[in-house]
Amino acid sequence: MPANTPRSLTVTWGSESVLVSSIDHDLPAPGEPSAQGEVVAAGAANPQALLPDGAWRAIARATTAPEGIALQLRPSPGDPGGLLLEENVEGATLRSVVTRVHLSELLPGIQPRTGMEVNEVPDPQVEGLTRDGRPCAVVRYRYKDFGHLKDHVWQTLHGTLSINSYASSILARKVTRSLIAHPVEVTFEDGTPSFHGLVVRDGITRLASAWNVLAGPDADAAKTAAHAVGSLFGGIRPDAGDAGEAGDAGGAGGAAPALDERLAEHRAQWREGIRKEFAHEMGLLEPGLRAAQIAQTFVVPAQIAVGAQHHPGHPLAPQDVFDDAIRSILASVHVDFKQWDAAAQHVEVITRALKRVIQQGDSLVPAEDLQAVYGLAVGRTSPDELPAAFRDDTIPGTPLWRSVYLVHALTRAGLFEQLKDQAKTIKGGRRMGPKGFAELLGPLVDLPWRSHKRAVTKQARNAWNNGGVLTDDVMLDWDPVPTGDFTSLVGPASRGDLNARCTLAVAGGIALIADKLLTRNVGSALGAAKEKGGVPFRSDVNQVVQDLSRQDNELGLWTLALAANAFRGDALPENAVTLRQLIRKDPDVGAAGRAYVHFRVDLAQPDRIARDENGVPEQLYQWDVVAASDEKRARPAKAAAGAGAGPGTDPDAPDAPAGTGAAASGRAADGGGGPGAAAVFLAPAGVDGRPASQRAADDRDVLRTSLAAAHDALERLKLLEPEVGAHTPVIPLPGLKELNRILVSLTADIENLRRRTEDLHEEDGAETEEAEEGEDAEEGLG
């Protein structure tokens with residue numbers, strides 16, 4: 001075989017035997033500095049490619065063929081744009097170069113799919129850039145600090161690989177579909193110097209899977225993410241050697257050279273080490289798995305956006321054109337090939353529609369207020385910034401109030417119709433009523449508590465698909481009434497105050513939906529026990545909220561008020577889980593300092609909380625919520641179930657699950673009772689400052705190591721048993737019983753985790769099966 005002929009080999013990847021189709025004998029050499037300079041010069045000379053010099057340098061560093069990019073950029077007499085790839089989207093033309101880039105020069109970008117996942121680390125703020133009024137094909141990512149950047153990269157890769165990995169396919173055939181990438185200026189709020197790099201906007205699963213291949217068959221998602229972060233950033237401290245340069249951060253093209261160059265030098269040295277390792281492996285008589293890992297992932301194909309042309313008459317401002325064009329391409333790709341889930345599509349539609357309304361400038365809502373609403377919608381404005389955003393210090397800065405003001409703003413007459421029109425244009429539909437609009441709001445509303453209430457997110461979003469809190473009254477002209485105690489609104493609401501009634505409807509309705517006490521009830525729920533999610537009658541979610549908030553429905557108004565008061569964005573209530581989960585001590589519920597309870601309403605009680613004959617507060621169930629919306633309609637179901645009296649007067653209502661009622665009673669008593677004291681909380685446990693997923697990776701290792709150590713200890717005890725003799729058991733009987741109790745509990749917890757994880761993977765099962773069927777699906781667009 002000639003020395004330069006690619007070779008194939010079979011390697012073992014975990015439990016699989018993988019045929020690696022083709023391995024080149026040499027890795028691509030680093031580009032010559034002169035060739036990289038040609039890219040910068042050619043880019044500056046191309047009238048259709050507008051980037052700051054720092055972005056061109058980042059592209060030149062990343063590519064394995066800078067001279068090829070320079071060739072694509074050079075204009076010709078017949079085509080001033082050179083050989084750039086053109087894509088026309090709504091309102092813009094996007095121009096790109098096609099090349100191969102080093103894996104170690106790519107950062108995972110922000111995508112609606114990843115943005116809709118449970119995120120402990122917040123996304124960076126995103127801002128478009130312009131020059132002389134023209135859009136640049138680059139965006140600015142603004143992180144809090146350098147640690148935020150590293151944690152965000154870790155989170156994105158870890159979360160992606162936790163869903164799916166194409167590692168074995170990439171090991172066999174490399175990444176064969178181009179990643180869609182573009183330059184980014186990375187800036188920091190703490191004054192750390194900025195730098196330019198490349199981010200992948202489509203193909204994040206392929207990017208993460210390539211790192212998975214390079215990390216090895218024994219590397220799980222956490223270890224792969226840590227390996228990638230270490231390779232990309234090493235041990236670089238951004239403040240070392242950068243004194244006095246922080247003032248340059250944030251300016252287009254003004255990246256501080258010290259950090260930029262040190263990152264480039266680190267990655268170049270890392271690649272040189274990989275080259276030496278590969279040369280050693282290929283020098284062996286029989287190259288093996290490591291050679292294949294490096295050869296198949298060292299470089300990947302990429303389509304890099306370098307220019308964006310604004311079409312005349314398009315409503316978007318120049319700084320928003322490029323990001324909107326990229327998002328349009330991603331959206332079309334994931335409709336035709338591999339769709340995002342419904343929530344990601346809903347967020348994409350509503351946020352783009354809102355941005356278009358803002359840019360058109362003809363809304364009846366003041367531009368400053370629209371910007372505040374947009375900040376809340378996309379998560380740039382945190383709940384505690386709510387009073388400043390709406391210039392009203394009386395507004396509580398809480399996650400629930402953030403959602404109240406967001407829903408109110410997006411459904412105002414001056415904005416609602418415009419948003420609907422833009423949403424229909426983006427979706428390609430003809431009709432959209434309040435219920436169709438409500439499904440777009442669900443994933444926006446749950447942003448602050450999505451990670452803490454992940455066990456019931458699916459049911460909550462289904463409830464929004466069924467109308468959510470968009471009642472007939474909520475769609476009228478009203479204003480939220482800020483308060484620290486929602487029960488103070490019951491009196492005005494019962495006297496006909498529309499503002500108070502709608503505030504209770506939105507706040508209480510959101511709380512009930514988010515805590516799985518109001519769902520899209522189906523036929524199977526009729527006649528079921530209230531402890532199992534039963535309901536007395538069928539009704540749309542928004543109709544239940546409408547009836548609860550009627551002026552003459554005191555029981556409903558109190559139900560809404562107490563639900564809003566008790567709601568917490570950092571936990572899941574005990575009402576939302578089953579008795580089995582409580583018995584199994586599911587770590588997501590019932591934990592000290594995190595659990596809380598919604599209580600059933602009894603209008604005869606001073607604090608409006610129903611109690612059994614022992615004085616123990618009674619849990620609220622969905623059955624009670626639906627029944628409270630229309631007591632007359634619920635009576636036949638109560639009679640059929642032998643329930644006797646209705647909610648608030650039923651002496652035979654079932655007790656709360658073991659340990660729940662008593663604990664709840666104690667909490668209520670400790671809180672001093674009163675209408676607003678539905679639950680009292682302990683302080684959350686301290687953490688070490690790192691994101692929970694990174695701490696979870698450590699604990700997984702501890703669990704695995706501890707179990708292995710326990711197994712070894714047991715084996716040693718069994719070997720010692722003959723020496724110890726029967727008179728002194730190596731483990732006395734009480735000790736064996738205690739060990740058995742611990743093992744049974746541990747087995748149950750692991751089994752519960754397994755079932756929950758399988759349920760999550762079943763939702764992605766169709767995508768995974770498609771990914772295994774062939775290269776197009778396997779390389780999957782992201």
Side-chain angles (χ1 to χ4, degrees), residues 315-316 320 324 342-343 345-381 386 389-390 392 395 400-447 460-461 463-482 498-510 513 540-546 549:
L316 287 183
D320 293 321
D324 189 71
Q345 295 185 46
H346 293 337
V347 169
E348 180 73 0
V349 169
I350 189 64
T351 54
R352 289 182 62 200
L354 180 56
K355 183 182 287 186
R356 293 185 181 192
V357 171
I358 293 172
Q359 298 301 337
Q360 284 177 344
D362 57 358
S363 173
L364 298 177
V365 180
E368 187 176 359
D369 290 345
L370 285 177
Q371 292 293 348
V373 173
Y374 185 79
L376 285 180
V378 300
R380 293 181 188 172
T381 302
L386 186 63
F390 284 91
D392 185 348
I395 303 174
L400 183 58
W401 276 105
R402 172 247 183 209
S403 297
V404 169
Y405 272 83
L406 185 60
V407 170
H408 172 262
L410 295 178
T411 54
R412 294 310 85 223
L415 185 58
F416 177 63
E417 292 298 332
Q418 290 180 304
L419 280 176
K420 276 205 315 177
D421 291 343
Q422 292 296 338
K424 286 187 294 184
T425 300
I426 295 170
K427 291 185 69 174
R430 295 182 179 179
R431 302 173 62 183
M432 179 179 290
K435 188 174 290 187
F437 191 76
E439 70 178 7
L440 302 181
L441 299 183
L444 292 185
V445 167
D446 67 22
L447 178 62
R461 289 177 177 173
W464 280 97
N465 295 348
N466 193 227
V469 300
L470 300 196
T471 69
D472 292 342
D473 289 339
V474 167
M475 301 306 295
L476 298 176
D477 186 18
W478 63 280
D479 292 310
V481 183
L498 180 64
N499 293 336
R501 286 203 303 114
C502 289
T503 301
L504 287 175
V506 175
I510 289 174
I513 289 172
D540 289 340
V541 172
N542 60 336
Q543 186 60 51
V544 172
V545 176
Q546 173 78 16
S549 59

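Both backbone and side-chain heavy atoms feed into the values below; hydrogens, waters and symmetry mates do not.
- Panel note: side chain Arg412, backbone Met475; no donor-acceptor pair is recorded below 3.5 Å.
- Atoms OG1 and CG, on Thr471 and Asp540 in that order, are 12.5 Å from each other to the nearest 0.5 Å.
- The nearest pair of heavy atoms linking Ala372 to Ala389 is CB-O, 3.6 Å.
- For the ring pair (Phe, Tyr, Trp, His ring centres under 6.0 Å) test, no residue two or more places apart in sequence or in another chain qualifies with Tyr374.
- When all heavy atoms of Pro482 and Asp392 are compared, the pair lying nearest together is CG-OD2, 4.3 Å.
- Across all non-hydrogen atoms, the minimal contact from Thr503 to Pro480 is OG1-CA, 3.4 Å.
- Rounded to the nearest 0.5 Å, atoms OG1 (Thr381) and CD (Gln371) are 9.5 Å apart.
- Residue Leu406 forms a side-chain contact (heavy atoms from CB on, under 4.5 Å) with just one option from Leu376, Val506, Leu441, Thr411, and that option is Leu376.
- Heavy atoms only, all atoms of each residue included: Ala409 and Leu415 are closest at O-CD2, 3.4 Å.
- Applying the salt bridge (Lys or Arg N to Asp or Glu O under 4.0 Å) test to every pair with at least one member in residues 464-473, sequence neighbours left out, gives these pairs: Asp473-Arg501.
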Next item on the list: Check the pair Val545, Val474 against side chain to side chain contact (heavy atoms under 4.5 Å, CB included), reporting the backbone distance first and the verdict last.
Entry: CA-CA 10 Å; Val545 176; Val474 167; 6.0 Å; no

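- Within the 4.5 Å cutoff, the side chain of Asp446 has no heavy atoms near those of the Ile513 side chain.
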Next item on the list: Kindly determine whether Leu354 and Leu419 satisfy side chain to side chain contact (heavy atoms under 4.5 Å, CB included), including the steps that lead there.
Entry: CA-CA 6 Å; Leu354 180 56; Leu419 280 176; 3.9 Å; yes

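- For Asn499, the side-chain contact (heavy atoms from CB on, under 4.5 Å) criterion is met by Trp478, Asp479, Val481, Asp497, not counting sequence neighbours.
- Exactly one residue among Leu470, Asn466, Val541 makes a side-chain contact (heavy atoms from CB on, under 4.5 Å) with Lys435. That residue is Asn466.
- Taking every heavy atom of both residues into account, Met432 and Phe437 meet most closely at CG-N, 3.9 Å.
- The aromatic rings of Phe390 and Tyr405 lie tilted to each other, with the angle between the two planes from 30° to 60°.
- Within the 4.5 Å cutoff, no side-chain heavy atoms of Trp464 are placed close to those of His346.
- Contact record, Ala353 with Gln422: CB-CB, 3.7 Å, taken as the closest heavy-atom pair.
- Note: Ser403 OG to His408 NE2 = 14.5 Å, rounded to the nearest 0.5 Å.
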Check: Taking it one step at a time, do Asp421 and Gln418 satisfy side chain to side chain contact (heavy atoms under 4.5 Å, CB included)?
Finding: CA-CA 5 Å; Asp421 291 343; Gln418 290 180 304; 5.6 Å; no

